[in-house]
Trainee: 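First the structure, then my questions, so here it is.
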Amino acid sequence: MAFSADELRVLRRALAHALQTTPHPAPLGAPGPERSQDIQEYLRLAEAVDEAVREGGRLRAFLLADLARYRDALPGSATGYLAQLAEALSAGHVPGPDDLAALRSLTARPAGPAERERRGALLRHCEHLAEQSVRTRLRALPGGRSAARDGREPEPERKPEPERKPRPAPTPSKAPRRDRPIPTPGEVFPPRRRPAPPPESRTA
């Protein structure tokens, strides 16, 4: 029995939930024999799930490395590349730009009707998977969910402009007081007095 990566994650969460919600039969909270047996079985199953996840990761890495070698040897390795790509897709591989470019190149090359139809169907399938992956990533972005529904790329999030504080009104200049009369130039700068002539000297 084989599980996908998503199914393994669900199974792991179910095991963790089962460990937390298993009733305690012992009155003082100490695990009884049935409780201990359940815990051991859950732990063994969790270890098996973890090992399956690790094995799946190793298998996927091996498939992708093999796929890259076949892709680099195109067009001579077209038959092996298509078979390796189909196996990688079944293991959860999302085709990237290199795979799409290779498939388009192979579809454009001359081949028999059946082989041309096979390559075209695989190309359409890979394009659909790549589009779904892009849409999933766009929905995860802020504001991307509504844009993804319309088939458009989400607009970048606009930062709110800082509030502009109103400038303080200029303080009115102090007006001159009108309770005192304005002095005249003559009062400010009085005329100079002429010096008095020296007294005449008297002759004896």
Trainee: Rounded to the nearest 0.5 Å, what separation is found between the CD atom of Gln84 and the CG atom of Leu64?
Mentor: 9.0 Å
Trainee: Taking side chain to side chain donor-acceptor pair (under 3.5 Å) as the definition, give me every residue that meets it alongside Arg44, ordered by chain and number, with sequence neighbours left out.
Mentor: none
Trainee: Where do Tyr81 and Tyr70 come nearest, in terms of heavy atoms and distance?
Mentor: N-CD2, 3.7 Å
Trainee: Linking directly or through intermediates, with side-chain heavy atoms under 4.5 Å: list the remaining ILVMFWY members grouped with Leu63, chain and number order.
Mentor: Leu59
Trainee: List the atom of Pro95, the atom of Ala130, and the distance in Å for their closest heavy-atom pair.
Mentor: O-CB, 3.9 Å
Trainee: Mind listing the closest non-hydrogen atom pair of Leu67 and His93 along with its distance?
Mentor: CD2-NE2, 4.0 Å
Trainee: Report the residues that fulfil side chain to side chain donor-acceptor pair (under 3.5 Å) with His125, sequence neighbours left out, ordered by chain and then residue number.
Mentor: none
Trainee: Has the side chain of Ser133 got a donor or acceptor atom that lies under 3.5 Å from a matching backbone atom of Leu129?
Mentor: no
Trainee: Can you name the side-chain contact (heavy atoms from CB on, under 4.5 Å) partners of Ser105, sequence neighbours left out?
Mentor: none
Trainee: So, using side chain to side chain donor-acceptor pair (under 3.5 Å) as the criterion, who are the partners of Arg104 when residues are at least two apart?
Mentor: Glu127
Trainee: Check whether any side-chain N or O of Arg119 sits under 3.5 Å from a backbone N or O of Thr107 as a donor-acceptor pair, and report yes or no.
Mentor: no
Trainee: If the condition is salt bridge (Lys or Arg N to Asp or Glu O under 4.0 Å), which residues does Arg109 pass it with, not counting sequence neighbours?
Mentor: none
Trainee: Start with the C-alpha distance between Arg54 and Glu47, add both sets of side-chain angles, then the distance that settles salt bridge (charged side-chain N to carboxylate O under 4.0 Å, His left out), and finish with yes or no.
Mentor: CA-CA 11 Å; Arg54 290 191 293 268; Glu47 291 176 359; over 6 Å; no
Trainee: Looking at residues at least two apart in the chain, or sitting in another chain, which of them share a side-chain contact (heavy atoms from CB on, under 4.5 Å) with Val134?
Mentor: Arg137, Leu138
Trainee: Which pairs, with at least one residue in residues 70-93 and sequence neighbours excluded, count as a salt bridge (charged side-chain N to carboxylate O under 4.0 Å, His left out)?
Mentor: Arg71-Asp99
Trainee: Taking salt bridge (Lys or Arg N to Asp or Glu O under 4.0 Å) as the test, write out the residues that go with Arg60, two or more places apart.
Mentor: none
Trainee: Using the side chain to side chain donor-acceptor pair (under 3.5 Å) criterion, which residues pair with Glu131? Sequence neighbours excluded.
Mentor: Arg135
Trainee: Are side-chain heavy atoms of Leu106 and Leu122 found at a separation under 4.5 Å?
Mentor: no
